[in-house]
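Take a look at the structure set out below.
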Amino acid sequence: MTELPSAYDPASVEPDLYLDWESAGLFHASADDDGEPFSIVIPPPNVTGSLHLGHALDYAIQDAIIRRERMRGRNAVWIPGTDHAGIATQNVVERLLAAEGTDRHELGREAFIERVWQFRAESGGTILRQLRELGASADWDREVFTFDEDRSRAVREVFVALYEQGLIYRGTRLINWCPRCATALSDIEVEHRDVEGELTRFRYPFADGSGDGIEVATTRPETMLGDTAIAVHPDDDRYRGLVGRTVRHPFQDREFAIVADEYVDPEFGSGAVKITPAHDPNDHAMALRHDLEVIDILDDSAVTTDVVGERFAGLDRFEARRAVVAALDEAGLLLGVDRHDHAVGHCSRCETVVEPRLSEQWFVAMRQLAERAARAVRDGRTVFVPESSTRGFLEWLDNLHDWCISRQIWWGHRIPAWYGPGGQIRVSREDVTDDGWAQDPDVLDTWFSSQLWPFSVFGWPERTPELEAWFPTSTLVTGYDINTFWVSRMLMISLWFTDDVPFRVVHNHGLVRDEHGKKMSKSFGNVIDPLDLIRSHGADATRFALMRSAAPGADVPMAEEWVEGARRFANKLWNAGRFALVNLDGTTPGDLPAVDARALEDRWILSRLARTHADVDAAYDAYDWPVAARGLYHFVWDELADWYLEALKRRMHGDDPAEADAARRTLAHVLDTVLRLLHPVMPFVTEAMWRSLTGASGGGDSLMVAAWPDSDERLIDADAEARFDVLRGLVTEVNRFRSQNRIAPSARFELTLESDRRDLLEEEADLVTSLAGLSGLVFADTLRDAPGTSTIVFPAGRAQVALAGLIDVAAEVERLDRELDRVAQERARIEGKLANESFVSRAPAEVVDRERARLAELDRTAGELAQQRDALGAIDGPPTSD
RNA sequence: GGGGCGUUAGCUCAGUCGGCUAGAGCGCUUGCUCGACACGCAAGAGGUCACAGGUUCGAUUCCUGUACGCCCCACCA
């Protein structure tokens, strides 16, 4: 018999078990191991990051999947790793430098990069260490990094190949520019946010000085310093005569034309638009159509350059905005400033307002890539779970713009392009070291390397055994928020280079939010640290609490008290196990007792187990964690602990060795199975209990690598369930009777029963008296109305109790009155229903019959209650009690 | 501007292919130290299933609309 403390203490169990698993090599898989390959690659967290609840959810799900597949005999591998996270990491290190009173420019490029590597070496392992605390069974021998040597080789190969195929090109186009990060951004790195803005209306005077000029409006007045045209709609009668005339720039020595273009919305503002080709995408497109001059007025920091003229040069764009408005006012050209709310793009990394800017950058042409990805999804080669993610994903793919991949930062994969004399360009797999040639200073968007992750982690472009075995990967687990950033690009690039999808299934979970569904954020102060949860309640409880709420695609509300609830469940399981261990007396899981040696409660729990097993398997297969978690929780707590263990006590403490043996063997089997089923979600407590139960020594002899049980539908026993429910119904009613009459649980009394299940109740009398705490059962053909008794109505009959010395009469009378009232109401409702011709003739016969039966039952019940009430009146004197 | 989702107990959510007395966890109330567990046991209170119409014998469930809330996408100044 093992000594186990009465409360489960995760802290004393989890770290040791983890070390044991790891040192036994249970996390490691080899490409040539037996079993059908199954693989998951971790969505690599930023190397500078630390574990937040979103990670915890994502990794808990992956670990549950991988553990289950491992138990199912698959050659399952979970590849861990981190992302070098270009801009994010560079920003972190730049902040460190700022704190030291220096910056990257002072350091120089090489020294800066060295510094980032050093930073990574010091603190880059944090998040993966934290992942271990969660219990993640990742193959740590295979840890990879998006910026390590092999991954960098893959990046280089893909870049060069796409360039050779004409799908990567360099061009001057309008891109999103973050003035703080001083780099270009892709479209999806820009977050649009509604802001309270202003619409400034002003006039451009005509060049010939006639008339009032023409009214335009803008939310960014400073851009007028780079205006090179005014546009109106060709069909706008107000301006028909003005097309072709020229206006004069009020602050610069320039004139430009009024042009006609379909793009202009005559309904908006004055119907005339100022055109700034260098700083607005639409304006730029129009400039191409009308061959307009393009004047870039801002430098890398969004400060106005000399081209705007002395008066406005050297101003930050927002200062320039104020200065321009003031100058327009002064010149008498300002017509008004109106409140105008609109969406403004912000840098997703630093929240700075993004500046659309004309710039020479590298791009990936997306159309062909996107088409292949969309086709693969439409053909079901990769499926989304939940399926509802699919539609938005495909729509997004259909509307892709080319992807700007060059970044003007230092931390990242340097673009493998070299510029030589006379404007020559070489894009090469090998570094170009010839004299007079210099490499492009820019680096690639982080997502360029992470898109290769599902195959680069296995050593692509080498045809490694790992690649052969585990690619395509089985399931990608990620929040829906990252489908566009990452999932789409993995699909596209994988199909293009490997002709295969990167994963068969994309399982989208939701975002972890607080208990009221609010986003967790530092400014709200509602952030919960998963490590706090793990340390105070255990990794199992944290995992269970997360997964219990994680329906596919649905956001996951979380509060510490919910984790406490999960910890209580772990404790419940632990104590059920303690009870079992004490009573099993050395019996280990093995063959079940023969069918005819099984008591009713054995047949019942085995049947419930079999159903739970089937439901849980189906839920796991469907990635429906809440259903799986709820099913196991309900089985363990409400059926195994509350009923089966209680039912067992009779035989365990009895004197029939054969009965006790059958009970033990059944219990051992049930516990063994449920621990296996629960292990993917709660690996630690199940492992600890399983070792106690089976005597397993750990290491290779672990639940972690035990076989996933086969569900046995032959154990499903509807008859046993129905019979057991009769007993439960009676016990529940006795409990209620006790509670309502304040009869102590310890008080024993005898029940006289009248039941249409008399045979069953007689047969199981011992069990019933044990469960209900009775002193005995007596059976009668018909219950006689007897003074001083009360009748308990239960689903299969009635039971009579002698009240003397047992109850509070007045309270009981009151209760009966309330009950009679309720019965009368219900009766009226059903009578009304049955009086309805249409119902009786059109509803299915079984529905009508059910209602009729219910009515009859109510009549009977009402009679009983009335009788009881009358009988109570016969008791004299004050209520007795002990 | 386009698209999607949601609204069920005090809170967070299940559920109903239209028909049993609509469920769980947490919270709340009452009573319980019977040898696994007070991180527990037993019982209980609490819901016009957002609102208005429609279909139907019957709607919380299907349809339409309204209100409120949330999310994603978006180059109308």
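In what follows, every chain begins at residue 1, and chains take the letters A, B, ... in the order their sequences are listed. All values reported here derive from a predicted model rather than from experimental measurement.
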Would you measure the distance from the [atom1] atom in [N] across to the matching atom in [M] and give it in whole Å?
{"N": "B/U60", "M": "B/G47", "atom1": "C1'", "value": "11 Å"}
{"N": "B/G4", "M": "B/A74", "atom1": "C1'", "value": "15 Å"}
{"N": "B/C20", "M": "B/G65", "atom1": "P", "value": "28 Å"}
{"N": "B/G35", "M": "B/G19", "atom1": "C1'", "value": "49 Å"}
{"N": "B/G6", "M": "B/C76", "atom1": "P", "value": "28 Å"}
{"N": "B/A52", "M": "B/A67", "atom1": "P", "value": "15 Å"}
{"N": "B/A9", "M": "B/C51", "atom1": "P", "value": "11 Å"}

Shortest side-chain distance from [X], nucleotide among [options]:
{"X": "A/E646", "options": "B/A36, B/A77, B/C57", "answer": "B/A36"}
{"X": "A/V273", "options": "B/A77, B/G35, B/G40", "answer": "B/A77"}
{"X": "A/A7", "options": "B/C39, B/C32, B/A77", "answer": "B/C39"}
{"X": "A/E561", "options": "B/G31, B/C26, B/A77", "answer": "B/C26"}

Report task. Look at atom CZ of A/R860 and say whether more than 12 heavy atoms of other residues, nucleotides or ligands are closer to it than 6.0 Å. Result ->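 No, because the 6.0 Å sphere around CZ of A/R860 holds 12 heavy atoms or fewer from other groups.
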
Heavy atoms only, 4.0 Å cut-off, all strands: where does [X] land among base, sugar-phosphate and nothing?
{"X": "A/V216", "result": "nothing"}
{"X": "A/H342", "result": "sugar-phosphate"}
{"X": "A/L645", "result": "base"}
{"X": "A/A641", "result": "base"}
{"X": "A/K274", "result": "nothing"}
{"X": "A/H516", "result": "sugar-phosphate"}
{"X": "A/D642", "result": "sugar-phosphate"}

Requested in this report: Applying side chain to side chain donor-acceptor pair (under 3.5 Å), name anything that partners A/S186, two or more places apart in sequence or on another chain.
Outcome: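 So A/S186 forms a side chain to side chain donor-acceptor pair (under 3.5 Å) with A/E189.
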
**Report entry** Counterpart residues, side chain to side chain donor-acceptor pair (under 3.5 Å), relative to A/R736 (two or more places apart)
**Finding:**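 Partners of A/R736 under the side chain to side chain donor-acceptor pair (under 3.5 Å) test: A/E733.
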
Query - Base of B/G35 and ring of A/H653 stacked, centres under 5.5 Å, planes under 30° - result: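 Here the ring of A/H653 and the base of B/G35 are stacked, with centres under 5.5 Å and planes under 30°.
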
Requested in this report: Kindly assign one of parallel, tilted or perpendicular to the pair A/F544 and A/F569, based on the angle between their ring planes and the thresholds 30° and 60°.
Outcome: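 Taking A/F569 first and then A/F544, their aromatic rings sit tilted (interplane angle of 30° to 60°).
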
Query raised in the report: Parallel, tilted or perpendicular for A/H342 and A/H340, by the 30°/60° rule?
Result: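 Tilted.
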
Query raised in the report: In dot-bracket form, how is RNA chain B paired, counting a Watson-Crick or G-U wobble pair only if both its distances are under 3.5 Å and using | for bases paired to another strand?
Result: (((((((..((((.....[...)))).(((((.......))))).....(((((..]....))))))))))))....

Under 3.5 Å, which protein N or O atoms sit close to an N or O of nucleotides 16-21 of chain B? Give each pair with its distance.
residue: B/G19; atom: O2'; partner: A/R850; partner atom: NH2; Å: 2.8
residue: B/U21; atom: OP1; partner: A/E826; partner atom: OE2; Å: 3.1
residue: B/U21; atom: OP1; partner: A/R829; partner atom: NH2; Å: 3.4
residue: B/U21; atom: OP1; partner: A/R854; partner atom: NE; Å: 3.4
residue: B/U21; atom: OP2; partner: A/R829; partner atom: NH2; Å: 3.1

Dump the pairs, protein N or O against N or O of nucleotides 71-74 of chain B, anything under 3.5 Å, distances to one decimal.
none

Requested in this report: Check for a donor-acceptor pair, side chain of A/T732 on one end and backbone N or O of A/G729 on the other, with a separation under 3.5 Å.
Outcome: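 Not a single qualifying donor-acceptor pair exists.
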
Determine all donor-acceptor pairs shorter than 3.5 Å in which one atom belongs to a side chain in residues 390-401 of chain A; sequence neighbours excluded.
residue: A/T390; atom: OG1; partner: A/E387; partner atom: O; Å: 2.6
residue: A/D398; atom: OD2; partner: A/R378; partner atom: NH2; Å: 3.3
residue: A/N399; atom: ND2; partner: A/E395; partner atom: O; Å: 2.8

Hey, are the side chains of [X] and [Y] touching, using non-hydrogen atoms and a 4.5 Å cut-off?
{"X": "A/M558", "Y": "A/V563", "result": "yes"}
{"X": "A/E601", "Y": "A/L767", "result": "yes"}
{"X": "A/Y204", "Y": "A/M224", "result": "yes"}

Query raised in the report: Does A/K518 place a side-chain N or O at less than 4.0 Å from the phosphate oxygens OP1/OP2 of B/C70?
Result: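 False: A/K518 side-chain N/O out of range (4.0 Å or more) of B/C70 OP1/OP2.
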
Query raised in the report: Do any side-chain nitrogens or oxygens of A/W637 fall under 4.0 Å of OP1 or OP2 in B/C41?
Result: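 It does, given that an N or O in the side chain of A/W637 lies less than 4.0 Å from OP1 or OP2 of B/C41.
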
Query raised in the report: With the sugar-phosphate defined as primed atoms, P, OP1 and OP2, and the base as all remaining atoms, what B/S/- string results for nucleotides 4-9 of chain B, 5' to 3', for protein heavy atoms under 4.0 Å?
Result: S-----

Identify all pairs in which a protein N or O lies below 3.5 Å from an N or O of nucleotides 43-47 of chain B, and state each distance.
residue: B/A43; atom: O2'; partner: A/S739; partner atom: OG; Å: 3.0
residue: B/G44; atom: OP1; partner: A/R736; partner atom: NE; Å: 2.5
residue: B/G44; atom: OP1; partner: A/R736; partner atom: NH2; Å: 3.3

Report task. Please say whether the positively charged group of A/R728, taken as NZ for Lys or CZ for Arg, lies over the ring of A/W643, i.e. under 6.0 angstrom from the six-membered ring centre and within 45 degrees of the axis. Result ->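 Output yes; distance and angle both within limits.
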
Query raised in the report: Cation over ring, A/R173 on A/F363, under 6.0 Å and within 45°?
Result: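 Cation-pi check for A/R173 and A/F363: passes.
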
**Report entry** Which residue lies more 5' along RNA chain B, comparing A/V840 with A/G271 via nearest heavy atoms
**Finding:**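 Looking at the nearest nucleotide for each, A/V840 comes out on the 5' side.
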
Query raised in the report: Who pairs with A/D280 by side chain to side chain contact (heavy atoms under 4.5 Å, CB included), at least two apart in sequence or on another chain?
Result: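 Applying side chain to side chain contact (heavy atoms under 4.5 Å, CB included) to A/D280 gives A/R220, A/N282, A/D283.
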
**Report entry** Test side chain to side chain contact (heavy atoms under 4.5 Å, CB included) applied to A/P266 - qualifying residues, sequence neighbours left out
**Finding:**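 Only A/H233, A/D236, A/R238 meet the side chain to side chain contact (heavy atoms under 4.5 Å, CB included) criterion with A/P266.
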
Query raised in the report: Hey, can you pull the residues of residues 562-575 of chain A with a non-hydrogen atom under 4.0 angstrom from RNA chain B?
Result: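 Hits under 4.0 Å, by residue number: A/W562, A/R567, A/R568, A/N571, A/K572, A/N575.
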
Requested in this report: Can you tell me which residue pairs pass the salt bridge (charged side-chain N to carboxylate O under 4.0 Å, His left out) test with a partner in residues 335-344 of chain A, sequence neighbours excluded?
Outcome: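 Output for this query lists A/E196-A/R339, A/R201-A/D338, A/R339-A/D341.
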
